[in-house]
Amino acid sequence: MSKYLIRRVLQLVVVSFVISVLAFLLVHLLPGDPSTIILGPNDTAANRATLLKQLGLNDPLWQQYLTWLGAVFHGNLGTSYLNHESVTHILATGAPVDLELIIISQTIAFSVAVPLALLVSRRPNRPLDNVATTSTFGMLALPPFVVAPILVAIFAVGLGWFPATGYVPFTQNPATNIHDMILPSVAITAGSIAVYFRLLRSDLISTLQQDFITMARSKGLSGRRIMWRHAFRPSSFSLLAAAGINIGALIAGTFVVELLFAIPGIGYSLVLAVNQRDYLVVQGIALVVAIAYVTIQFIIDFIFTIVDPRVVRE
Amino acid sequence: MAKKTAGDAFDFKDAASQSGPLLVVDDLHTSFRTTRGTVRAVDGVSFEVHEGKTLGIVGESGSGKTVLSRSIMGLLPPRDVIRSGTVHFAGHDLTAMGDTELRRIWGAELSMIFQDPMTALNPVKRIGVQIAESLRLHLDMDKKEAQSTAIELLRSVGIPSPEQRVRWYPFQLSGGMRQRVMIAIALACAPRLVMADEPTTGLDVTVQAQILDLLADLQRERHMAVILVTHDLGVVAGRADDIIVMYAGRIVERAPTRTLFADTKMPYTKALMDSIPRLADPSGARLSAIGGRPPDLINPPTGCRFSPRCQYAQDKCRELEPPLRTVGSPDHLFACWYPLVDGVSTAPSVPVSITTNPATTANDAAPTGGTTS
């Protein structure tokens, strides 16, 4: 492993530590006394003291943190105040939904945006380019909560190709699961397509002005080969950076479509928990989401080392 | 070393037996449409290059020499570019060919070395891959064969330990090394003609000589023709068989190198020579520069295009454009009404106002903004 990646791993560890401290402190910022919540307002002071001792809440903060962290490492993130479901269970059922949404929507986004940008940037400002650029501009202006009802109206209510709502776990029935997930995924894809297409298009156009492209032409390479082999990689840096940020934002950021299509992702659970002040659920989800975000950035950095060999050396 | 086998489908190699020059450029014009008007970058250029010979094309920045070299190859984007005239390479008219046909020649028979080795290599591809690419495309080599040929090519351009370097990226190499890699790429398929567009401009002076010598050695070894495009007469002086001097998109003088230096006819060529610093000059001697700027190619001056900057210019020079002609020796062409004889102008006495400050008149004659439109 290169020095660059070792540095990135260390960063990952440090950031994760900071995140865990912040998530831990979240619960300590709560107003009120846990004993009051658990025992009710009318219990005796002695009982409360016993409970606090039992719960380890008289220990110094750093010790409480370590105890909590130990539990986290054993998969114990506490239990919801409301329905007494374990936070780990909420995450285990919700996370696959978000993961699937992200994978499907990003696969669609890349497979539309990349070929389109490669096609259009060879002849910029021609009719095809103008259509693509204008329509992606429109897509940027359409948030998922606008796209989703339109998709439902056309493909679910009108044509009846997809269900309007509903969710079956992948492990239960993969075909139905994917069928159910297509509309919600498409609903969050529009913005990604627009961003990816526009970034790649403008970077490709400037890359195609470079000497090394003329050089590649003077070798006798075909236009298609030049686009894929010579122009695409050096034009993909901002695309990659944007993809990292975008995918990060989609983790637990898809609650609108989860709500509209009634699919049980962690985004939906998180919003619910925040509304109902279900602090341990908020804490657990925040921790996992933040660490997932950092991990995605790490993966993007890793891909950078493959795409641009200069990164490793600088 | 890369050798094309008999089985290869290059009809160009079969045409090797044809007599006559390898490259014939006839009345080539190349213009660009811009918002300000049409820029005539190459304006009626004709010349020939013979098998194995070196032609130097010399001119200031903006004289159209880079456009000329790209226009000959057909590398300019067809949009916004208007080209007329013909370019015959090994008997085939390149201007009549489509992209697919040209691609079979590019890199295989006719290749190019670019000016800036920092930007002309793909920054994210290993140099070995960039060399092997042409080998696999034109010579149908498999991956392994192409890789080992790439190593041999790197060795032949003087890159130490090529077995390791073949896996390096351009950013790991110095400018001189990169230019060597570029030469290796250009020569990979043993082309018959190499266009070298300012191949040493971006390099240190010491490295410049090394690269030019390397190119000359490889040229001899492989019997290639080379077109060496440069702004520096000193670069082509000892290396080219013939030299073309360009000014404002036109050829102003063309002669075998020895003749050009011994019997310069055109004041512009003389001015270019005088701007080369000489070791024999006393220290502190002023280097003579050509006053003024190259003319605007949208509205070139009437008459001789050099007249606004020429210290010998007469009324006739400013009114009538001199044709490319010969006096005595048939292979020495020049475009001047009052050619130099033994370095002295044949022009009648010159009005004082022009000789004192040629820069002023040049600026008057070369509008660069509001005055045109």
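Each chain gets a letter, A, B and so on, in the order its sequence line appears, and its residues count up from 1.
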Going by atom types only, do [X] and [Y] share a side-chain donor-acceptor pair under 3.5 Å?
X	Y	value
A/Gln106	A/Ser192	yes
A/His230	B/Glu133	yes
B/Asp93	B/Thr86	no

With a 4.5 Å cut-off on heavy-atom pairs, point out which of [options] contacts chain A the most.
options	result
B/Gly107, B/Pro77, B/Gly74, B/Ala120	B/Ala120
B/Lys125, B/Met182, B/Met112	B/Lys125
B/Ser111, B/Ser134, B/Pro123, B/Pro170	B/Pro123

Is [X] in contact with chain A via its backbone, its side chain, both, or neither, using a 4.5 Å heavy-atom distance?
X	result
B/Ile185	side chain
B/Arg70	side chain
B/Leu137	side chain
B/Gln115	neither

Report yes or no: does [X] contribute a side-chain atom to a donor-acceptor pair with the main-chain N or O of [Y] at less than 3.5 Å?
X	Y	answer
B/Gln147	B/Gly128	no
A/Asp98	A/Ile266	yes
B/Ser156	B/Leu153	yes

Per-residue contact mode, A/Ser222 against chain B (heavy atom under 4.5 angstrom):
both
Is A/Ile213 close to chain B through its backbone or its side chain, or both, or neither, when contacts mean heavy atoms under 4.5 Å?
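Neither the backbone nor the side chain of A/Ile213 comes within 4.5 Å of chain B.
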Option in A/Pro234, A/Ala231, A/Gly223, A/Gly220 with maximal non-hydrogen atom pairs under 4.5 Å from chain B
A/Gly220
For A/Leu118, check side-chain contact (heavy atoms from CB on, under 4.5 Å) against everything at least two apart and list the hits.
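A/Val114, A/Leu204, A/Met227, A/Trp228, A/Phe232.
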